[in-house]
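By convention here, the first residue in the shown sequence is residue 1. Nothing here was measured: the structure is a model prediction, and the numbers come from that model.
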Amino acid sequence: MSPTAQEACAIVSQIRFQEQQTLWTKEYEDSLLTEHVDVFPGMMFSLAKERMEKSKLWQIVKRMPKGALLHCHLEAMVDLDWALEEAFSTEGICVIADGAITTEQQRRKTGFSFTYSKTAKDDDSMWTDEYTANTPIPINAAATSFPYGGRAGFIEWIRSRVTITKSEHLSHHEGPNEVWRKFMSCFPILGSLIYYEPIFRKFVRKMCKQLLDDGVYYVDMRSAFYTPYRSVGEENWDEGWFNMLADMEEEIIDFKKSEEGKDFWGARMIWTTIRQFDKKQVVESESSSYHAAMSLHYCVSLTEIPQA
């Protein structure tokens, strides 16, 4: 390292050592922190996050240039509030569920997703026992009629289904597999929210802008390509993901040409598959990724997502 880098390393190392002795103990002297919890190195992230964000070390990390984001699940990059507002204002966006959602247990566990429909009716409701599974309900009607707080409550319910909540972080008694099941259930819901062309194009553009604002000039994105994609105005899913990748490529190129995106270097998509799939599904996924790579300018590589 250069002399300047060596000096910076020594300073940061000293700050890190100091905060290990002070910030991560119950006896921390800073009067700004008054919570009464046991504090220790390696404590649960949901409990440590607020304290961590007040540290000197975190302020240093925030200012460091990231360059590239090394592990980026595409569906996990969604700004939920923004995406829902787009869904509320996009014609034909609906919610469908595997069955009626009337109890607390059903709100926590019943499968649901977002879709597009030209014929959905406002007078149906998934919040009653009369709901027929997989009947599309216009998202605005579903949100307005949500029995626990209307639209605001609906948004918070969606949030609880696509994030690991604070209570779920602490539910050790349910075992490690339960939180993995919740984690994996988030991606299809978020994917269904953005994998409709009018929303997807805006999402890609917004994601690139947010990355650039955060000091990330190049990104490797990954997706399991499990949630189907739908082109604008089409009630049927696309047969593959060629249109999705082409739309993504167009939006990234346009962003790089724009004044706000002129410093953005670009992006690459990593095509992933899931080990839990059977051999036929894995082979079909690999074949799809190969044809996508041949059809587009993207470098699409195949990897696997392990299962807990």
Side-chain angles (χ1 to χ4, degrees), residues 66-93 113-116 139 158-159 162-163 186-234 237-273 285 288-289 291-303 305:
K66 299 182 182 67
L69 184 58
L70 301 181
H71 193 98
C72 167
H73 290 276
L74 184 64
E75 296 87 349
M77 299 294 288
V78 177
D79 179 335
L80 181 63
D81 292 321
W82 172 87
L84 284 174
E85 285 304 317
E86 287 295 324
F88 285 131
S89 61
T90 300
E91 183 179 358
I93 298 299
S113 61
F114 298 90
T115 189
Y116 171 82
I139 185 172
I158 299 293
R159 193 187 313 282
V162 299
T163 59
C186 297
F187 290 91
I189 298 173
L190 290 168
S192 71
L193 182 57
I194 62 170
Y195 284 171
Y196 177 52
E197 183 181 344
I199 297 177
F200 184 72
R201 285 182 175 274
K202 294 178 183 178
F203 159 71
V204 172
R205 187 78 172 232
K206 180 177 177 63
M207 180 185 66
C208 291
K209 178 65 166 59
Q210 288 180 314
L211 289 170
L212 185 58
D213 288 345
D214 207 27
V216 178
Y217 297 91
Y218 174 83
V219 62
D220 278 327
M221 302 169 290
R222 66 183 65 214
S223 175
F225 289 87
Y226 179 77
T227 304
Y229 187 73
R230 192 194 307 271
S231 296
V232 60
E234 296 293 331
W237 302 111
D238 289 6
E239 291 186 4
W241 287 272
F242 300 104
N243 291 334
M244 170 194 165
L245 292 171
D247 294 344
M248 176 182 287
E249 184 175 43
E250 287 181 11
E251 291 304 322
I252 292 173
I253 290 173
D254 288 346
F255 179 71
K256 290 172 63 178
K257 291 179 179 178
S258 69
E259 181 63 26
E260 66 177 358
K262 62 183 181 181
D263 294 326
F264 192 62
W265 299 350
R268 178 174 64 173
M269 173 59 74
I270 300 174
W271 187 298
T272 68
T273 190
S285 178
S288 296
S289 72
H291 290 296
M294 294 300 101
S295 301
L296 299 165
H297 296 106
Y298 271 106
C299 177
V300 182
S301 55
L302 182 71
T303 186
I305 298 177

* What are the two closest heavy atoms between Ser192 and Thr227, and how far apart are they? -> N-CG2, 3.7 Å

* Arg205 side chain near Asp254 side chain, heavy-atom distance below 4.5 Å -> yes

* To do: Have a look at Tyr229 and tell me which of Trp237, Phe200, Trp241 forms a ring-ring contact (aromatic ring centres under 6.0 Å, His included) with it.
  => Phe200

* To do: Measure the shortest side-chain to side-chain distance between Tyr196 and Val232 over non-hydrogen atoms and say whether it is less than 4.5 angstrom.
  => yes

* Do Glu251 and Asp247 come within less than 4.5 Å of each other through their side chains, counting heavy atoms only? -> no

* Donor-acceptor contact present, side-chain Thr272 to main-chain Ser223, <3.5 Å -> yes

* **Smallest separation among heavy atoms of Arg222 and Glu75, with atom names** => O-OE1, 4.2 Å

* Asked: SG/Cys208 to CZ/Phe255 distance, rounded to the nearest 0.5 angstrom?
  -> 5.5 Å

* To do: Not counting sequence neighbours, which residues clear side-chain hydrogen bond (donor to acceptor under 3.5 Å, both in side chains) with Tyr218? List them please.
  => Asp220

* Asked: Is there a side-chain contact between Glu86 and Ile93, using heavy atoms and a 4.5 Å cut-off?
  -> no

* With sequence neighbours excluded, what pairs up with Glu260 under the side-chain hydrogen bond (donor to acceptor under 3.5 Å, both in side chains) test? -> none

* Structure fact -> Between Met77 and Phe203 the two heavy atoms that sit nearest each other are O-CE1, 3.9 Å

* Structure fact -> On a heavy-atom basis, the closest approach of Arg159 and Leu80 is CA-CD2, 3.6 Å

* To do: Report, as yes or no, whether the 6.0 Å neighbourhood of atom OH on Tyr226 holds more than 12 heavy atoms from other residues, nucleotides or ligands.
  => no

* Using side-chain hydrogen bond (donor to acceptor under 3.5 Å, both in side chains) as the criterion, list what pairs up with Asp238, not counting sequence neighbours. => Ser231, Asn243

* Sub-4.5 Å side-chain heavy-atom contact between Met269 and Phe225 -> yes

* Exercise: identify the closest heavy-atom pair between Asp263 and Tyr217 -> O-CD2, 3.3 Å

* Structure fact -> d(Asp214 CG, Lys209 NZ) to nearest 0.5 Å is 11.0 Å

* Asked: What is the distance from atom CG of Leu190 to atom OG1 of Thr163, rounded to the nearest 0.5 Å?
  -> 9.0 Å

* Looking at side-chain heavy atoms only, is the closest gap between Lys202 and Lys206 below 4.5 Å? -> no

* Asked: Looking at CZ of Arg230 and CD1 of Ile199, how far apart are the two atoms once the value is rounded to the nearest 0.5 Å?
  -> 11.0 Å

* To do: Determine, step by step, whether Glu250 and Arg201 satisfy the side-chain contact (heavy atoms from CB on, under 4.5 Å) criterion, reporting the C-alpha distance in whole Å, the side-chain angles of both residues, the deciding distance to 0.1 Å, and the verdict.
  => CA-CA 9 Å; Glu250 287 181 11; Arg201 285 182 175 274; 3.0 Å; yes

* Structure fact -> Between the NE2 atom in His73 and the SG atom in Cys186, the distance rounded to the nearest 0.5 Å is 11.5 Å

* **Separation of Leu245 CG from Trp271 CH2 (nearest 0.5 Å)** => 6.5 Å

* To do: Ignoring hydrogens and angles, tell me if any N or O in the side chain of Lys256 forms a donor-acceptor pair with the backbone of Trp265 under 3.5 Å.
  => yes

* To do: Please report the closest heavy-atom contact between Glu91 and Tyr116, naming both atoms and the distance.
  => O-CE1, 3.4 Å

